[in-house]
Enquirer: 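Quick one: the structure is below, and I'll ask about it shortly.
From a predicted model like this one, the values you see are computed outputs, not experimental measurements. For the single chain, residues carry numbers from 1 onward in sequence order. Scope of the values below: all heavy atoms of this structure, side chains included, with no hydrogens, waters or symmetry mates.
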Amino acid sequence: YSGSNAGKNTTATFSAAGTYVLTVRVEDTTGQTCSSQVTVSVGQTPAAAPTLTTIRRNGSAALAGTSLRLANGLNKAGSAFSATKVRVAKFNTSFQFRLTGTGSNGFTFAMQGQGATALGTAAGLGYAGLAPAVAVRFDAANGRLTVNSNGTVLGQVNLKTAGLDLRSGHVFRSQVSYNGSALTVTLRDATTGRSVVLRVNVNVAAIVGGPSAFIGFTGGTGKTNGVV
C-alpha cells in the first residue's frame, strides 16, 4: 500500500473497564482496503478506600483517638465523606459504633453526589437536605433502621420490636452490602447478640448520578446532650 499511514499513532481512550473489540481499517490511494480486528481487555485499579485520616470532616465531626465522632453536645451536626468519589456500583463494608446520651439522635451511612463538604441539619441526622443521595439511617430517636433516598423512605425496620436500643450505650456492629440491585443492612448488638436485617431494592447509581459517589457518615444530636 502507498497510503500516508497517518493513523499509526491513533490513541483509544476507554471510560470503563471491560472487553472491547477494535477494528483497524486501512485504505490506500487507489481505494484498496483491508481491515483487522483486535480484542482488548481493559482493567481498572480501584480507588483507595477512605480512612479516618483522609476523609473530609465537616461541621462538628472530629477524630477522637482512633474513632470518628460526628456530633458532641446540643443540636450539633457533623459529616465525614471521602475526599473524592468512590465506586458504589457494588460494594461490601462493615463498621461498629456506639451512641451515648439521650440527645443522640442517630447517624447515617450515606452515598451522595453533592460533594465532600456536604452537611445537613442536626435534627435530620446531618443528612436532611443532601441530594442526590442514598443513606442507611440509624435513627435512635425513633427506634428505626431505614434506607432513604432524597428524603423518601424506601424500607424500614422497627428496632424496638427487635429489642434493639441504639441509645443503650452498647457497641453495635453493622454490615452494608450492595450487589448492584439490592442493598442489605445487618445490624447486631455486640452485647446482647440481637440483630436485624433490612434488604431494599434500589438503583444506587441512578439516584446518585453514576457508578461513583462520595461515601461516608453524617450524624446529629438534639436538645439534650449526646455523642454520636
Enquirer: Return the OH to NZ distance between Tyr178 and Lys90, rounded to the nearest 0.5 Å.
Expert: 9.5 Å

Enquirer: Measure across Gly155 and Val200 and return the closest heavy-atom pair with its distance rounded to 0.1 Å.
Expert: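 Reported closest heavy-atom pair: CA-CG2, 3.9 Å.
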
Enquirer: Grouping I, L, V, M, F, W and Y whenever their side-chain heavy atoms are under 4.5 Å apart, do Leu187 and Val134 come out in a common cluster?
Expert: yes

Enquirer: Quick check for you: to the nearest 0.5 Å, what is the distance between Asn105 atom CG and Arg137 atom CZ?
Expert: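 Answer rounded to 0.5 Å: 9.5 Å.
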
Enquirer: Within the distance-only criterion (no hydrogens, no angle test), does the side chain of Ser82 pair as donor or acceptor with the backbone N or O of Ile215 below 3.5 angstrom?
Expert: yes

Enquirer: After noting the C-alpha distance and the side-chain angles of Leu63 and Arg57, does the key distance pass the side-chain contact (heavy atoms from CB on, under 4.5 Å) rule?
Expert: CA-CA 9 Å; Leu63 295 181; Arg57 298 183 295 276; 3.8 Å; yes

Enquirer: With a 4.5 Å cut-off on side-chain heavy atoms, are Ile55 and Leu68 touching?
Expert: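 Leu68 vs Ile55: side chains touch.
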
Enquirer: Please tell me if the side chains of Ile207 and Gln112 come closer than 4.5 Å, counting only heavy atoms from C-beta onward.
Expert: no

Enquirer: Heavy atoms only: give me the nearest Ala190-Arg173 pair and the separation to one decimal.
Expert: CB-NH1, 3.1 Å

Enquirer: Return the CZ to NE2 distance between Arg98 and His170, rounded to the nearest 0.5 Å.
Expert: 10.0 Å

Enquirer: Group every Ile, Leu, Val, Met, Phe, Trp and Tyr by side-chain heavy-atom contacts under 4.5 Å, then state whether Leu99 and Leu145 land in the same group.
Expert: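 Yes, Leu99 connects to Leu145 through the hydrophobic network.
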
Enquirer: Might you point out which heavy atoms bring Ala131 and Gln114 nearest each other, and give the distance in Å?
Expert: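 Closest approach of Ala131 to Gln114, heavy atoms only: N-OE1, 3.2 Å.
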
Enquirer: What verdict does the side-chain contact (heavy atoms from CB on, under 4.5 Å) test give for Phe91 and Met111, after you've listed the backbone C-alpha separation in whole Å, the side-chain angles of each residue and the deciding distance to 0.1 Å?
Expert: CA-CA 12 Å; Phe91 66 87; Met111 300 161 279; 3.6 Å; yes

Enquirer: In sequence, state the C-alpha distance, the side-chain angles, and the governing distance for Ser177 and Asn179, and then conclude on side chain to side chain donor-acceptor pair (under 3.5 Å).
Expert: CA-CA 7 Å; Ser177 59; Asn179 63 8; over 6 Å; no

Enquirer: Which atom pair, heavy atoms only, marks the closest approach of Tyr127 to Ala135?
Expert: CE1-CB, 3.4 Å

Enquirer: So how far is it from Leu166 CG to Lys160 NZ, rounded to the nearest 0.5 Å?
Expert: 10.5 Å

Enquirer: Please confirm whether Phe172 and Phe138 have ring centers closer than 6.0 angstrom.
Expert: no

Enquirer: Counting distance only, does the side-chain N/O of Ser104 pair as donor-acceptor with the main-chain N or O of Arg167 below 3.5 Å?
Expert: no

Enquirer: For Val196 versus Ala162, what's the shortest heavy-atom pair and its separation?
Expert: CG1-CB, 3.2 Å

Enquirer: Would you kindly confirm whether Leu154 and Leu125 end up in one hydrophobic cluster when ILVMFWY residues are joined by side chain heavy atoms under 4.5 Å apart?
Expert: no

Enquirer: Linking I/L/V/M/F/W/Y whenever any side-chain heavy atoms sit under 4.5 Å apart, do Val86 and Val136 land together?
Expert: yes

Enquirer: What I'd like to find out is whether the side chain of Thr108 reaches to under 4.5 Å of the side chain of Leu130, using heavy atoms alone.
Expert: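 Counting from C-beta outward, Thr108 and Leu130 never come under 4.5 Å.
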
Enquirer: Decide side chain to side chain donor-acceptor pair (under 3.5 Å) for Arg199 and Thr184; before the verdict, give the C-alpha distance in whole Å, the side-chain angles of both, and the deciding distance to 0.1 Å.
Expert: CA-CA 4 Å; Arg199 181 182 174 90; Thr184 302; 3.3 Å; yes

Enquirer: Check the angle between the aromatic planes of Phe95 and Phe217 and answer parallel, tilted or perpendicular using the 30° and 60° thresholds.
Expert: perpendicular

Enquirer: Do the side chain of Ser60 and the main chain of Leu70 share a donor and acceptor less than 3.5 angstrom apart?
Expert: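 Indeed, once roles are kept as given, a pair shorter than 3.5 Å links the two residues.
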
Enquirer: Is it the case that the side chain of Gln175 and the backbone of Ser94 share a donor-acceptor pair, with hydrogens and angles ignored and the cut-off at 3.5 Å?
Expert: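 Absent.
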
Enquirer: Between Asn58 and Ser79, is the side chain to side chain donor-acceptor pair (under 3.5 Å) condition met? List the steps.
Expert: CA-CA 5 Å; Asn58 311 294; Ser79 69; 3.0 Å; yes

Enquirer: Working note: Val147 + Leu198, criterion side-chain contact (heavy atoms from CB on, under 4.5 Å); need CA distance, chi angles, decisive distance, verdict.
Expert: CA-CA 8 Å; Val147 172; Leu198 174 61; 3.8 Å; yes

Enquirer: Please walk me through it: do Val208 and Phe214 pass side-chain contact (heavy atoms from CB on, under 4.5 Å)?
Expert: CA-CA 9 Å; Val208 301; Phe214 297 93; over 6 Å; no

Enquirer: Can you name the closest pair of heavy atoms from Val88 and Gly210 and give their distance?
Expert: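 Minimum heavy-atom contact is CG2-O, 4.4 Å.
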
Enquirer: Heavy atoms, side chains only, cut-off 4.5 Å: are Phe109 and Val185 in contact?
Expert: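 Not in contact.
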
